[in-house]
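Residues take their numbers from the sequence shown, with the count starting at 1. What you see below is based on every heavy atom in this structure, not just the backbone, and it leaves out hydrogens, waters and symmetry mates. Not measured: the values here are computed from a predicted model.
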Amino acid sequence: MNNIILDKKVSEDDKNNSDMLLSKLDTINDNNIKRNMLKNIIEVNPYNSNALIQLAILEFGINSNLAFILLEKAFSNDVLPIQKLNNYKLIYLMGLLARYKIENMEYNSAEVYLSKIIKEKNNFPTIAQEIQLATLITGYPYSINDAKNIIINIENRINNLLKLDKIDISYVNDNDPYLFCMLSFFNLEIYHECNIKSLMNKYYKLMIKVFPELIYTSPHLKENKKQIINKKIENICHIGIISAFFSDNSSVLLDFKGVINNLPNNKYKITFIYINESNKESNYLKTKKNVLIYYNKDKWLEKCRKDIGELNLDILFYLDSTMSRMIQKLLISKLSNIQILSHGHPITSGIDNNIVNYYISWEGAELEYDKAQEHYTEKLILIPKTTIHQYYLPVTSNNKSLFNNISYENITRDDFKEFIESSGNWYLCMQKPFKRHPEFDYILKDILNKDPEGKIILHGDTPYHNKIIIDRLKNINTDITRIYLIPVQPHHRLIALYKVSDVILDSYYAGGCTTTREALEVGGIVVTLPTNYLGGRWSYGYYNIIGVDDMIAKTKDEYINISVKIATNKKYNIIMKNKILDNVNKLFFQKSAINAWDTIFQDILKL
């Protein structure tokens with residue numbers, strides 16, 4: 001069925017026959033008969049837009065993927081030109097298709113459909129799609145120039161919406177108009193060429209302009225604040241720790257749980273608040289006493305606000321913000337006198353600092369304080385660079401992954417032969433693909449140019465995104481015969497891949513955090529080029545803690561030269577690997593990190 005839709009050549013007779021068959025459809029009431037008849041019409045003429053749309057409507061709820069394939073064909077330029085979008089049903093269906101593309105992270109396709117809808121704004125209400133387009137930011141720009149234009153367009157679109165006297169979305173028929181209209185700004189993390197703080201602040205202003213009901217202050221905070229604070233300092237500090245990522249082995253939980261588990265019981269009472277947007281179980285929280293869990297169900301926000309307010313917390317501590325739209329929606333509420341955000345996602349919330357008061361980061365991975373503060377709407381508080389910022393535990397023991405308890409000891413390059421031949425110099429980058437900005441493509445190209453034996457192994461993605469990745473590399477004349485995209489690996493195989501690769505390439509602009517630690521733990525040699533933002537400076541911070549700075553580049557050319565030297569000079573490679581292994585223990589079991597967080601919490605209570 002799908003091949004017929006996409007490929008068949010159609011004659012004039014085919015067009016006439018399909019129209020004739022379609023004219024008889026109104027006389028049929030049975031949907032199964034209608035469905036079969038529509039399939040026959042499409043087999044005759046896969047460019048019959050009316051048949052494609054009617055069959056798509058029937059397929060929703062039965063075979064929704066097919067329904068969206070049909071709509072995509074119906075709305076393609078060779079089937080239904082934009083001038084034929086002449087009734088609201090078509091606008092609505094195209095809106096559904098745009099949402100489907102967004103949910104599948106095919107943002108470039110979604111932008112095309114949203115733009116077509118918005119062109120009809122003089123005929124139909126399209127403000128919801130205008131908000132969607134203004135907050136739609138892909139992790140896969142086509143080029144450096146495309147990345148720059150994406151930021152320019154988003155800022156212009158948000159500015160235009162903010163200039164409106166009023167934004168009325170009352171016509172939106174959705175269970176949660178906020179989640180329907182406001183898309184995630186998560187991918188902004190990779191655009192280090194822009195002013196992230198300014199854009200996040202504009203995103204916040206758009207949120208409260210469209211949804212003023214999100215502005216909320218818990219009733220208990222309207223009492224005498226000074227009296228409350230003085231009372232709380234004398235007692236155990238009650239912290240609410242809130243996240244959408246308490247699921248097992250999430251990067252956020254792995255980052256913070258060492259400190260959380262070891263905060264002194266005689267100073268802190270902790271209530272865990274799980275905003276379970278992904279409906280994932282948390283075995284970690286099953287071991288905890290005070291736990292609140294919220295799902296994306298009717299009136300979850302009202303219940304969550306009420307419950308948290310009634311806890312009368314001293315500190316409400318968000319581990320992450322932009323990674324969850326439910327968290328983003330809640331974050332605007334003032335539920336505790338002190339509200340803190342940290343680096344579960346390493347960018348500012350953009351929210352006024354009378355709501356989110358502080359951002360806790362690590363001096364070891366930030367610019368000097370005054371410059372770093374310019375990146376945050378919150379007041380920046382830093383864990384000292386003399387200690388690592390978290391209490392980390394190793395993820396391996398006795399050549400086994402502690403995630404799945406499977407050995408990687410005997411895994412060699414040959415075990416990856418389904419993806420890549422074992423010969424040559426392996427340059428590995430297993431960061432999530434969206435972290436690889438088009439600027440990084442040029443680094444990859446030049447590494448291959450300098451090392452004729454070089455092979456670059458990259459974390460692959462969906463076929464849609466892999467095509468963007470390969471096309472980008474082709475467009476700058478990269479030797480793609482030496483580029484290998486591989487899927488997510490089980491943890492023990494990923495650790496083995498770090499061990500058998502010659503060089504680990506830290507992605508650019510947004511670099512590694514968990515990935516870098518795990519690679520260093522087994523002697524992986526990570527080459528990094530720090531950027532100005534926290535998300536591109538974790539590897540730099542880790543290297544400074546372990547006292548190894550040989551792999552910290554200052555320029556792109558230096559990054560390339562260091563990488564090629566490590567891959568091609570095997571003696572130097574061994575020296576660097578041993579240097580890392582001799583010092584990597586400094587990343588783990590550091591009680592100074594716990595003491596640093598304790599000091600920060602106590603100091604904040606006194607402010």
Between [atom1] on residue [X] and [atom2] on residue [Y], distance to nearest 0.5 Å:
X: I600; Y: L382; atom1: CD1; atom2: CG; value: 7.5 Å
X: Y140; Y: I190; atom1: OH; atom2: CD1; value: 9.0 Å
X: I495; Y: I411; atom1: CD1; atom2: CD1; value: 10.0 Å
X: I242; Y: C304; atom1: CD1; atom2: SG; value: 5.0 Å
X: N585; Y: N583; atom1: CG; atom2: CG; value: 7.0 Å
X: S422; Y: D414; atom1: OG; atom2: CG; value: 4.5 Å

Look at the side chain of [X] and the backbone N and O of [Y], then say whether any donor-acceptor pair between them is shorter than 3.5 Å.
X: E558; Y: K554; answer: yes
X: S333; Y: L335; answer: no
X: E521; Y: V395; answer: yes
X: Q339; Y: S336; answer: yes
X: E277; Y: I275; answer: no
X: D502; Y: W426; answer: yes
X: S282; Y: S247; answer: no
X: K334; Y: N337; answer: yes
X: H375; Y: L534; answer: no
X: K445; Y: I476; answer: yes

Inset, instruction - Find out whether the Lys NZ or Arg CZ of R517 is both under 6.0 angstrom from the six-membered ring centre of Y392 and within 45° of the ring's axis. - result: yes
Inset, instruction - Carefully, step by step, assess K400 and E409 under the rule salt bridge (charged side-chain N to carboxylate O under 4.0 Å, His left out). - result: CA-CA 7 Å; K400 283 186 177 181; E409 184 175 13; over 6 Å; no
With a 4.0 Å cut-off, would you call [X] and [Y] a salt bridge?
X: K556; Y: E439; answer: yes
X: E421; Y: R413; answer: no
X: R482; Y: D479; answer: yes
X: D550; Y: K579; answer: yes

Inset, instruction - Go through the steps for I260 and Y391 under the test side-chain contact (heavy atoms from CB on, under 4.5 Å), then give the verdict. - result: CA-CA 9 Å; I260 294 171; Y391 185 82; over 6 Å; no
Can you tell me if [X] and [Y] form a side-chain donor-acceptor pair at under 3.5 Å?
X: N262; Y: K257; answer: no
X: H459; Y: Q431; answer: no
X: K455; Y: S423; answer: yes
X: K202; Y: N195; answer: no
X: E193; Y: H437; answer: yes
X: Y284; Y: N261; answer: yes
X: S401; Y: H491; answer: yes
X: N425; Y: D451; answer: yes
X: D549; Y: Y540; answer: no

Just wondering, do [Y] and [X] contact through their side chains at under 4.5 Å, heavy atoms?
X: I486; Y: L458; value: no
X: L331; Y: V356; value: yes
X: T322; Y: M200; value: yes
X: L319; Y: S342; value: no
X: Y204; Y: D352; value: yes

Are more than 12 heavy atoms, taken from residues, nucleotides or ligands other than [X], located less than 6.0 Å from that residue's [atom1] atom?
X: Q602; atom1: CD; answer: yes
X: K280; atom1: NZ; answer: no
X: K288; atom1: NZ; answer: yes
X: K577; atom1: NZ; answer: yes
X: N398; atom1: CG; answer: no
X: K591; atom1: NZ; answer: no

Legend entry - salt bridge (Lys or Arg N to Asp or Glu O under 4.0 Å) contacts in which one or both residues fall within residues 378-392, not counting sequence neighbours: none
Inset, instruction - Would you mind listing every salt bridge (Lys or Arg N to Asp or Glu O under 4.0 Å) that reaches into residues 263-273, with sequence neighbours excluded? - result: K267-D598
Legend entry - Counterpart residues, ring-ring contact (aromatic ring centres under 6.0 Å, His included), relative to H238 (two or more places apart): none
Legend entry - N353/T377 under side chain to side chain donor-acceptor pair (under 3.5 Å): CA gap, chis, key distance, verdict: CA-CA 6 Å; N353 61 17; T377 53; over 6 Å; no
Inset, instruction - Going by the side-chain contact (heavy atoms from CB on, under 4.5 Å) test, name the single residue among L587, V526, T528 that passes it with T516. - result: V526
Is the distance between the ring centroids of [X] and [Y] less than 6.0 Å?
X: Y274; Y: F246; result: yes
X: F434; Y: F186; result: yes
X: W597; Y: Y268; result: no

Inset, instruction - Let me know which of Y376, W538, Y318, Y533 forms a ring pair (Phe, Tyr, Trp, His ring centres under 6.0 Å) with H343. - result: W538
Inset, instruction - Before giving the answer on ring pair (Phe, Tyr, Trp, His ring centres under 6.0 Å), spell out for H192 and Y509 the whole-Å C-alpha distance, their side-chain angles and the decisive distance to 0.1 Å. - result: CA-CA 6 Å; H192 289 203; Y509 296 122; 5.5 Å; yes
Legend entry - Step-by-step side chain to side chain donor-acceptor pair (under 3.5 Å) determination, K499 to N399: CA-CA 11 Å; K499 285 178 66 69; N399 294 315; 5.2 Å; no
Inset, instruction - Take N573 and K570, measure what side chain to side chain donor-acceptor pair (under 3.5 Å) needs, and give me the verdict at the end. - result: CA-CA 5 Å; N573 185 290; K570 301 306 178 183; over 6 Å; no
Inset, instruction - Would you please test L311 and T271 for side-chain contact (heavy atoms from CB on, under 4.5 Å) and show each step? - result: CA-CA 9 Å; L311 291 174; T271 295; 3.9 Å; yes
